[in-house]
Structure formats: structure tokens, C-alpha cells
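A short write-up of the structure that comes next.
Only heavy atoms go into these numbers, but all of them, side chains included; no hydrogens, no water, no symmetry mates. Proteins get letters first, then strands, A, B, ... in listed order; numbering begins at 1 in each.
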2 protein chains.
Amino acid sequence: MDRTDISLIALRRILRATELYGRELAQAAGLTAVQFRVLQVVSERGNCTATEISQRMGVSQATVTSLVDKLVRQGMVERQRSEKDRRQTHIVKTEKGRAALARAPDALQQRYVRKFEALEDWEQSMLVASLERVASMLDAEDIDASPVLDTGDFTTSAG
Amino acid sequence: MDRTDISLIALRRILRATELYGRELAQAAGLTAVQFRVLQVVSERGNCTATEISQRMGVSQATVTSLVDKLVRQGMVERQRSEKDRRQTHIVKTEKGRAALARAPDALQQRYVRKFEALEDWEQSMLVASLERVASMLDAEDIDASPVLDTGDFTTSAG
DNA sequence: CTATTTTGCTTCGACTATCTAAGTAACATC
DNA sequence: GATGTTACTTAGATAGTCGAAGCAAAATAG
């Protein structure tokens, strides 16, 4: 097996680890993976609109509406009509939402961070360079990613 | 921003690129991402049982049954009762299933492979070492991954 | 060699996620 | 102030998912 295949296998392992992790993460918070991801996005932004969420997650506005409905019903977030542009709705996390995020055992990310930070300086540099290289090879340039390791639910393309 | 964050962002870009890619891939084959993943698993194994598929995909047997039902209805796979153990059902791809897989434009993987193979020897080595390192940091050791770059649908944990 | 347990799969019922299309309200423009 | 655009919601449809319950075949116990 050549190096290309080996690298693909390693990539796939990474994807799979994060996939399975995403599910556990959400379950522990009492949410589904996708709902949890919405909560994360809201939390990162502090305050964001449905459109922002839909763009970041790569789903339609309608889907965001339904996800936010569920989070509202569970008291995790609130809708607030924007004062500046009354078409917009700001989604903000509640105290309960904040707690759910805090409670989520981000075991995978923590393990990763711990191990990463234990590496030698040169190895950290190598990993950063390699990951960025791979990311650009996959042509993910546009992506406005944040340092939250979560699959964002690599989900079913139903509909 | 420190290197840990930078590496997490790069990872997230990688995840997101493959996620979006997985959807396109499946759509081009006229299937959903999850159905496509089942077809891939069947194809890799040549011939496999529902339990094997459910384990590899990390979903329940019930889910596999419903997915296989859909693929059977579309003529992509067939069920064959095992001779050795008549409880088991082997899922095998049909000619149509094989064609669907072949037709899928694995653009992302091809781009990756092309770029990877264009790299200098030392850089290939570095990437392989780094990816394997990251995979092991995420503790994905058990995973029996194959060199198919696809998210396997990082899906919704509903239910 | 029957009775019991385990295994492999399917069925059932319920829920989430997702989409498109259509609807409503607010802003923008001319 | 009519027309268009933007932001979001609603409605209706389909896919994916699970747990529990069912059924048939194999394995195990006595």
C-alpha cells in the first residue's frame, strides 16, 4: 500500500473518530448532534441570525428554523427581534444553553488538546503545517472554521 | 491564536470539506449520503451481512435494514440468504450498484490524490506521519478504515 | 433429543433532520 | 408608494434513526 492510501486511511480514521465523538457529545448534553452544533455556533458568535447559522452549517434556512424551534422549546436559546432590522431574528443562548455546552464532555477535543500540547515544539509545528496543507488540498479555503472540534454532524442529505 | 487552535481550525476545515463533499458525491450517484456509504461498505467487503454494515457505520441493525430496503428497491444491491448460516443475509451489489459507484465523481478524493502525489517525497512523508499522529491522538485506533475518503455521513443522531 | 438461550435480521411506531415551495413581514429603490 | 429583495416561518414530503418486539435459525443445556 502506498503513501497516498495510507494518508487516506489516516484521514478516514480522523473523520470517523470525530463523527462518533459528535454523537456522544450531543447525547451527553441531552441534544442531538445537529442541535448541539447549532448551540455551538450560537455560542461562538454570541448572537447570530438564522441565515448565519444556515450558512455555517450548510443547511437551509427552513432547517435552521426547525432546529431553533426545538432548542427554544428546550429553553436552550431564545429568539430576539433585531432592533436595527426587524426582519432579522437574533438567536441567543440562555443560561440553560450555556450550562449544556459547559456540561458537554468534550472528551475528544480535550484529549486532542492535551496530547497536542504535550508534543515537542517542532512536532507541533509539523502538525500545524501538515493539517493546513491537507485542508488546502481539500480546497476548504472558504471555510470560516472555528477551533471547535466537532463534526457539525456530517449528516444525512435527506430531503 | 496559538498553535493548538490553529490545528483545530485546520482539522475542522478538513471535516467540513469532506462533509460537503460526501453530500455531492451521493447526489451525483442519485443516492443519499448514507445510502451511498452503505453501497461503499458493501463494495469494499464484496459481500457482507447487515451486522457488519451496522458495525462499520456505527448505526443500529434496524437502520441498516431500512437503508438496505431502499437500495434494494432501487436495484443497487440484493439480499442473499447465507447457505452456511441461514439466519444471515448477505448483501451484494448489483451491476447497477457497481455502475453507480463508478459514476460517482470522487472529485474531492481525486483532487487530494493528485495534489498529494505531486508533493515532494519528504513532504509526503511528513503528511503521512502527521495524519497518523493526529488519528492516534483522536484515539481512533480500532477503526478499520479503508482508503475511501468519505465521511460515511457524519449524521444526525436522531431517535 | 427437546427446551432454552442466543444470534441475525425485520417490523413497528415514533421522532429528528432535511428539503422545496409558498407565505408573511420588513427593508430598499426608484 | 408600487416593486423588488431580504429574513424568516409554515406546510408538506421524504430520509434516517432508534428501541422494542417479533421471528427464525443456530447453539447450548440437561
Side-chain angles (χ1 to χ4, degrees), chain A residues 19-20 22-24 26-27 29-39 47-55 57-74 76-91 151-159, chain B residues 19-20 22-24 26-27 29-39 47-55 57-74 76-91 151-159:
Chain A
E19 169 193 0
L20 297 175
R23 296 189 194 176
E24 283 174 32
Q27 276 186 335
L31 299 171
T32 67
V34 182
Q35 288 168 10
F36 189 79
R37 179 68 190 138
V38 172
L39 194 52
N47 162 352
C48 63
T49 66
T51 299
E52 276 170 21
I53 298 174
S54 85
Q55 285 169 353
M57 294 184 60
V59 301
S60 72
Q61 267 188 3
T63 300
V64 171
T65 294
S66 113
L67 294 173
V68 170
D69 280 349
K70 278 161 194 152
L71 288 173
V72 168
R73 237 178 283 141
Q74 293 174 81
M76 297 292 183
V77 302
E78 281 176 358
R79 286 190 168 97
Q80 285 173 3
R81 211 43 168 295
S82 165
E83 288 303 319
K84 292 181 183 171
D85 182 340
R86 300 188 57 75
R87 288 169 305 182
Q88 292 188 340
T89 305
H90 292 304
I91 319 289
T151 72
D153 138 276
F154 277 34
T155 294
T156 154
S157 79
Chain B
E19 169 194 1
L20 297 175
R23 297 189 192 176
E24 283 174 32
Q27 275 187 336
L31 299 170
T32 68
V34 181
Q35 289 169 10
F36 190 80
R37 178 69 190 139
V38 171
L39 195 51
N47 164 352
C48 61
T49 67
T51 299
E52 276 170 21
I53 297 175
S54 86
Q55 286 169 352
M57 293 184 59
V59 301
S60 71
Q61 267 188 2
T63 300
V64 171
T65 295
S66 114
L67 294 174
V68 170
D69 281 349
K70 277 163 193 152
L71 288 174
V72 167
R73 236 178 284 141
Q74 293 174 81
M76 297 291 183
V77 302
E78 280 175 2
R79 286 190 167 97
Q80 285 172 4
R81 211 43 168 295
S82 166
E83 287 305 317
K84 291 179 182 169
D85 182 338
R86 300 188 58 74
R87 288 171 303 185
Q88 292 188 339
T89 305
H90 292 304
I91 320 288
T151 72
D153 137 277
F154 277 36
T155 292
T156 155
S157 79

| query | E83(B) has an atom CD; how far is it from atom C1' of dA26(D), in whole Å? | reply | 15 Å
| message | Looking at dC18(D), I'd like to know if its phosphate oxygens (OP1 or OP2) sit under 4.0 Å from a side-chain N or O belonging to S60(B). | response | yes
| said: Are Q35(A) and Q74(A) packed together at the side-chain level, in the sense that at least one heavy-atom pair is separated by less than 4.5 angstrom? | reply: yes
| message | Nearest 0.5 angstrom please: R81(B) CZ to R87(B) CZ, how far? | response | 11.0 Å
| message | Run L39(B) and L31(B) through side chain to side chain contact (heavy atoms under 4.5 Å, CB included) and show every step you take. | response | CA-CA 10 Å; L39(B) 195 51; L31(B) 299 170; 3.8 Å; yes
| message | How close do A50(B) and I91(B) get, counting heavy atoms only, and between which atoms? | response | N-CG1, 4.5 Å
| note | Separation of dC15(C) atom P from L67(A) atom CG, nearest Å, is 17 Å
| query | When you check every protein heavy atom under 4.0 Å of nucleotides 2-12 of chain D, what one-letter string (B, S, -) results, 5' to 3'? | reply | ----BSBBB--
| task | Starting at atom CD of Q35(B), determine the distance to atom P of dT14(D), rounded to an integer number of angstrom. | result | 14 Å
| field | Chi angles and distances behind the side chain to side chain contact (heavy atoms under 4.5 Å, CB included) call for S82(B), T89(B) | value | CA-CA 6 Å; S82(B) 166; T89(B) 305; over 6 Å; no
| note | When rounded to whole Å, the CD1 to P distance for the pair I91(B) and dC9(C) reads 8 Å
| Expressed in angstrom and rounded to an integer, what is the separation of R81(B) atom CZ from dA25(D) atom P? | 6 Å
Distance-only check: which donor-acceptor pairs under 3.5 Å involve side-chain atoms of residues 64-71 of chain B, not counting sequence neighbours?
unit_1, atom_1, unit_2, atom_2, d
T65(B), OG1, Q61(B), O, 3.2
D69(B), OD1, R79(B), NH1, 3.1
D69(B), OD1, R79(B), NH2, 3.0

| field | Nucleotide nearest K70(B) when distance is taken to its side chain, options dA17(C), dG16(D), dT18(C) | value | dG16(D)
| remark: Here the distance between atom P of dG8(C) and atom CD1 of I53(B), to the nearest Å, is 14 Å
| field | Among dC19(C), dC18(D), dA17(C), the one nearest V59(B) by side-chain distance | value | dC18(D)
| query | Taking only side-chain nitrogens and oxygens of T32(A), does any of them come within less than 4.0 Å of OP1 or OP2 of dT16(C)? | reply | no
| message | For the CZ atom of R86(B) and the CD atom of E83(B), what is their distance to the nearest 0.5 Å? | response | 5.5 Å
| Distance in angstrom units between F36(A) CZ and dT16(C) C1', rounded | 17 Å
| said: From CE of M57(A) over to P of dT16(C), roughly how many Å is that when rounded to an integer? | reply: 16 Å
